[in-house]
Amino acid sequence: MSSAPTYSPGVMKYVEEARKLLAERDAALARMKAMRFDTIAVHGLYTVEEALKRNQGAVIEPLYLSASQAYADSDELEAALAYLVPTWCYTRIANPTTYYLEWVLALLEGYRAGRDTSCCVTASGMGAIMAATDPLLVKQKDGPERINFVSCVQVYGGTFQQFSQRKMKERGVECRWVRRPWDLEDWKSKIDEDTRFLYMEMPSNPQQSFADVKALADLAHSWGIPAIVDATCATPALLRPIAHGADIVVHSLTKSITSGGFAVGGALVSRKPITTKVRNDHPLFKESYAEYVKFLPYRDNGPASAPANAIFALNDLRTLRSKMDVVSRNCQKVAEWLQKHPRVYQVDYLGLPSYHLHGLAKRYMKLVDSGDGPDGEVNRYGHLMSFRVDGPPENARKVFDGFRMIFRATDLGRIKSVATIPAISTHQQQGEEARRMADVPPQLIRLCVGAEHPDDVIADLDQALGAL
Ligand SMILES: *Cc1c(COP(=O)(O)O)cnc(C)c1O
């Protein structure tokens, strides 16, 4: 055991000075927490004081491209590197631009959740999933030989690969797949003493799977483990899992959050504290998991976000709520139209009353702060949907190839409508059997509806389907 380090008076002078800044930031945080979702999305913790005192009055958060920060003397350097004062030191660990983005995301995910949250932004969504899950999968002294985690099988293709290849095959950590995540019994039958966490993607990409997140979080907590939710397709504008009891939320910022499509990024947001059985004597591990990740494993493993990507995310995020409202309404209209088309035999969209998980999704997928309007709080289901084209897989390819305005790309969450065939793209690597398990047949076209006028999207679909 090493004893706690002691610091010289010179170092402590910087710690003392930092108190003023910390108090100022705490006050800004308290003020912002009382504000509404749109206000947080627009401002975050980049206050007038922050602009005037530290950023030359810039109205918009500056992009700090510098890889590192300079210090006045050795005492300040020591204080900074011991994390005794707020600092950013080196962009792999922290960066001012990334810091502003992290706070917006922490505040939005924790909006009216009655819980404090922290956030760590990563280079990609996959990086966020790795950063969120790996520290929970460490082998414990005197622990069992084989540990496991339980995940819904309807996950993003990259997540499936990370879980089945990187974790299961390479590291011997068992991933137990739940095929019917909306059925709590399926989860219950897979959990045991050696389960480290439950993992759910909702709504899932592309299958539109969904779970009762509150019941799932309760189940996880009854086993002393955290519930992790990938809420990329919902964004905090439509679903905030922490408010329903989830411990950790992961996002691909690449998608609807950075709808303009200029950046790849990810985020891990955790509530304070998380539920876990993992023994880790670092005080932040349980109390502020995202910060723990940021200051330790993330520092050592290096999945930091590029500041330029962070500023793109921050900029697109300001109008998240109104954007998710528009694209969700557009998607609803397109899904309803497709459902009536004679060459389409199945449409999966949470917003369709005929969809088997509509009732469940209706309880959770609500446009934040929409209760102010005359109609009360409204349901919105996001802009991702899928449809299946009649006949052999060639028909789906023909329709797909016929799109004139809709882009063919393995992308989603865009301000522009984008479509893909998951069986030959995002879900290609996982093989036939896994695709069958996840219900991703080659007839399925995934469509993410953008902010164009929905009639024009429908017209494009109409001509493409008409060519069959
Ligand atoms: C795209 C995506 C990811 C991975 O994010 P990247 O930013 O591409 O690494 C994870 N989960 C979901 C639901 C996604 O759509």
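Order of appearance sets the numbers: ligands from 1, and atoms from 1 within every ligand. What you are looking at is a predicted structure, and each value in this text was computed from that prediction instead of being measured.
Below 30°, between 30° and 60°, or above 60°: for Phe163 and Tyr199 the angle between ring planes is above 60°, a perpendicular geometry.
Between Leu412 and ligand 1, no pair of N/O atoms sits closer than 3.5 Å. Residue Leu253 has no N or O atom closer than 3.5 Å to an N or O atom of ligand 1. Any N or O atom pair closer than 3.5 Å counts here, and Thr159 shares no such pair with ligand 1.
Proximity to Asp230 (heavy-atom distance under 4.0 Å) selects the following atoms of ligand 1: 10 (C), 11 (N), 12 (C), 13 (C). Listed by number with element, the atoms of ligand 1 under 4.0 Å from a non-hydrogen atom of Gly265 are 7 (O). If you number the atoms of ligand 1 from 1 as listed, the ones under 4.0 Å from a heavy atom of Glu201 come out as 13 (C). For ligand 1, the atoms lying closer than 4.0 Å to a non-hydrogen atom of Thr254 are 6 (P), 7 (O). Listed by number with element, the atoms of ligand 1 under 4.0 Å from a non-hydrogen atom of Met126 are 4 (C), 5 (O), 6 (P), 9 (O).
Remark: Lys214 fails to qualify as a cation-pi partner of Tyr364 under the 6.0 Å distance and 45° angle criteria applied to the six-membered ring.
Residue Arg179 places its CZ atom among 12 or fewer non-hydrogen atoms of other residues, nucleotides or ligands, all under 6.0 Å distant. Lys190 NZ: more than 12 foreign heavy atoms inside a 6.0 Å radius. Within a 6.0 Å radius of OH in Tyr83, other residues, nucleotides and ligands contribute more than 12 heavy atoms.
Checking Ile40, Ile242, Ile257, Val249 one by one against Pro236, the side chain to side chain contact (heavy atoms under 4.5 Å, CB included) holds for a single residue, Ile257.
Scanning the protein for heavy atoms near atom 6 (P) of ligand 1, the closest one is Gly125 N, 3.3 Å. Scanning all protein heavy atoms for the shortest distance to atom 14 (C) of ligand 1 gives Lys255 NZ, 3.0 Å. Tyr156 OH, 4.0 Å is the protein heavy atom nearest to atom 8 (O) of ligand 1.
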Would you check, one step at a time, whether the test side chain to side chain contact (heavy atoms under 4.5 Å, CB included) holds for Asp212 with Leu216?
CA-CA 6 Å; Asp212 185 338; Leu216 195 65; over 6 Å; no
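If you look at Phe160 and His427, their ring centroids are not closer than 6.0 Å.
The option from Ala123, Ala128, Ser252, Gly157 that lies nearest to atom 5 (O) of ligand 1, judged by heavy atoms, is Ser252.
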